[in-house]
Structures are given as structure tokens and as C-alpha cells.
There are 2 protein chains.
Amino acid sequence: MARTRPTRAETRRQVLDAAFEVFGQRGIAATSLTEVAAAAGLTKGAVYSNFDSKDELVLTLMEEHAGHRIQASLDAVDADGGADVFGQVAAVLVREMRADAVWHRLLAEYFALAHHDPRKQKALQGRRREVRATVARALVQVSEGLGFALPMPADDLAIVFLALSNGMAVESDIDPGGVPDDLLARVLTLIAGDAVVALREAAARASVD
Amino acid sequence: MARTRPTRAETRRQVLDAAFEVFGQRGIAATSLTEVAAAAGLTKGAVYSNFDSKDELVLTLMEEHAGHRIQASLDAVDADGGADVFGQVAAVLVREMRADAVWHRLLAEYFALAHHDPRKQKALQGRRREVRATVARALVQVSEGLGFALPMPADDLAIVFLALSNGMAVESDIDPGGVPDDLLARVLTLIAGDAVVALREAAARASVD
DNA sequence: CAAGGTCGATACTACTCGGTATCCAATACT
DNA sequence: AGTATTGGATACCGAGTAGTATCGACCTTG
């Protein structure tokens, strides 16, 4: 006979997915656990059976989702080994920025929330350092692979990268349509400087040949 | 006889100032009106006598403070008519970024909050457009005054400007010490390109003479 | 200087939330 | 199959919230 009862892992997933959706729509603080449970087709008891507290749920959710996002972005970057890397990367970022407006909003609230909770603050800081390091590594890899020098230390550039994409996501969410799609690409090109412009032109010529 | 009772305006100010302080420390959602009132040396009755609701208080507070900040930033930029404008501006921004970490955190929470309240959303959007337009105007003025071309349309550059400073403020708040002080200046120089580099060197020579 | 009005304190209501205790049913084990 | 265990539903509690009614003190005005 087929099992009539879902496994613990399945229930946990349901709760996490529902939480992300409802938190994203109504905000973390404004959403009660009852609402989360209802969205998952369960009750508060199920939530407390899987998570020790609301904070625990939020923390787990943010950690997990952040991890997924890093991986997705890295895959997207790794996938195209082409020459017009900055353009490609910018395109990927813009696409994700639009699609994951919800995520950026959640992150903003979590950022505000974290400042009053040492545990969340620590988690956020650790995760952010990891993200920065990963981005920096990717930048080095790309620059070496294509043979051009980065305009500043990779660590610093990673910060700029993240700040810019995050900031533009916020601007774009506040005023949809007010942020041109290709703006991020243009800025990145300016920052990268002449080296990449030459590189891009060379790639364009090569693809024509 | 001197008045023993403060005017309505005075009380209102007290509430608003206290609200900014307490909201900044503990977060908007996490702060009760009783706490706000207590911080102002008053009671909840005083708050409700001056504001129709908590939302009303928050809205007024953000609107007012945002206005003040625009003015302050503009004044700071206007004040120095020197040649090394980008460096100066970056310095001002960095200083304000550090000092007003509280403000950025409040804005982040408000940004998340606004998405679920059409009224706040509209207010935030309108205010943001105003800020962008003001920054764009300042950029045009500076570039014309110094006789160099902006690397992209002023409106777009304003967005980049805001996204970058806002994003870096967040990064800096998450991981204090992880963001070099001069990073913003370096990025702005890269974005501005050779024109400003030349300009800056010219200014340096001039100041030595 | 009295009358009327305003402002803010006090006390209270109605409600929601996070979290807990308990209990029942479905599962795993022997 | 019978038993132990686990997962989730239900009911409940204490705390704390926004918001309201009321009342007294103070200011203003005729």
C-alpha cells in the first residue's frame, strides 16, 4: 500500500517553500506562522514540529535560499566560457534581478532584522563573506582565462559587483521601468575599462570571420 | 507667565525625533508606539493625538527625513566647487554612508514594508524619482561647470550612483571593516574614465603650484 | 476672568501572535 | 499482528499590540 503520510523531509520542504512565498508577498515580520502553515496546507503544529521557532525557520530559509542562489549564479557564469563575459554576466544578473525581486526584498528585510539579532547578524555576515569570496574567485578566473587585468583587486571588485547589482535591484523594484535593462552592462564595461572593450571587439570580429 | 505646556508642533517634533531614533535602533515593525512615546517622554495618547495611526507616523517620518537628506547631500556637493569633484563627492558619500547607517537600515525595512502598502509604495517611488532627478541635475551641473562629458546619460548615471552608494552602505553595514573607505572613490573614477583622471591630475598640479 | 476648546495621560478593549501541552493516527519494528 | 514511536492537529496560554473612550489640566478667546 502506498504511504498515506508524507515523510518528514517532504513536510519540511513544503513549509520552507510556502514560507518563502508568503514571506515574500507579505513580509517576514508581518506574516504569522499560522499563515505560513496554511499556505503549506498544514497547521502551526506541523511547523513547530519541524522548526524550533519562527526565527529558526527564517534563518534556515534564508541560508538555504542564499546557497541556491550562489550556485545558480555560478553555474550561469561558468556555463558560458565565451569572450564577451562581462556582457553575458551582466545579462544573467539583470535577468535574475528582475526574476528574483522577491528575494531582494526578503534580503532587505532580513538585513534590517538582522541588526537586532546577533545570531542572524552573524549568519548574514558569514554568508556575505562567502558570497564575496566566491565572486572574487570567479572574477580572477575569468580575467586569467581571458588574459586581461582586473581594474582593481578582485576582493574589492567583488564588493562593487554585489553592491551594484543589489542596489540596482532595489532601484528597479521601487520604480519598475525606470531602470534600463542594459544599464548594468554599460556600467560594468566602464568599470572594466579599455581592456575589455578591446577584448569584446576582438571577439565580435572573430565571430564574424 | 511662561507657557508650561509645549505647542503642538513641539510635541510632534519630539515624537518624530524619538520615532526615528527608536525605529532605527530596534526596527520599525519591532517597535511599539508605547516605546516611541516613552522615548519622547510622552505617552501613547500624545502620539495618537498627533498621528492617526502608526502607519501615518512612519510615512510622515520617512518622507520628512528623506527630504532633509536630499537637501543635506546637495548642500554638501554644492559647497565644494573645486576641481576634484568626484573625489570630494565620494568622500562626502562615504562619510554620510558611515554616519547614516541607521538611515539605510530604516530605508531597507521601509522598502520591504512598502511593497505591501500601495500608499507607502507610491510615496517611496515618487520620492525616489525626485532623488534621482536631483542627482542627475547635480551631475549635469558639475560636468558642465568643469567641462567634461559624462560617460553616459545623466539620468542613468544617477541611478548607478544611487545604487552603488546604497549597495555599498548595505555591504558596509553587514560587514563593517570589510569595505575599504576609498573604494567608492576608486569606482567612481573608473566609471568617470580618463577625462576625470586628467582633470584630477591637473587640479593636483595646480594646487602644488 | 470665566467659558470653551485643545491636548495629552490613564485606563481599557479587542485582538493577534509565538509558543506549549496534549492527544490521535499513521508508521516502523519485532 | 501487536507494540512502540513519531508527526501533526487541536486547544490553549501569556504576553504584548494597535487603537479607543474618557477625563482633567492647561491655553486661548471673548
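All values below come from the heavy atoms of this structure, side chains included, with hydrogens, waters and symmetry mates left out. Protein chains get the first letters and strands the later ones, always in sequence-line order, with residue 1 at the start of each. Note that the structure is a prediction, hence the values are computed from the model and not measured.
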**Asked** Parallel, tilted or perpendicular for B/His65 and B/Trp103, by the 30°/60° rule?
**Response** tilted
Can you find a heavy atom in the side chain of [X] that is under 4.5 Å from one in the side chain of [Y]?
X	Y	value
A/Glu21	A/Gln25	yes
A/Leu42	A/Val47	no
A/Val135	A/Leu157	no

Measure [atom1]/[X] against [atom2]/[N] and give the value in whole Å, please.
X	N	atom1	atom2	value
A/Tyr48	C/dG19	OH	C1'	5 Å
A/Glu56	C/dG18	CD	P	15 Å
B/Glu10	D/dC26	CD	P	16 Å
A/Phe51	D/dG7	CZ	C1'	14 Å
B/Lys54	D/dT17	NZ	P	9 Å
B/Asn50	D/dG19	CG	P	15 Å

**Asked** Side-chain N or O of A/Ser49 less than 4.0 angstrom from OP1 or OP2 on D/dG8?
**Response** yes
**Asked** Can a donor-acceptor pair be found between the side chains of B/His115 and A/Arg105 at a distance below 3.5 Å?
**Response** yes
**Asked** Looking at B/Leu164 and B/Leu188, what are the two nearest heavy atoms and their distance?
**Response** CD2-CD2, 4.5 Å
**Prompt:** Tell me, which of residues 12-45 of chain B have any heavy atom that sits under 4.0 Å from an atom in DNA chain C?
**Reply:** B/Leu42, B/Thr43, B/Gly45
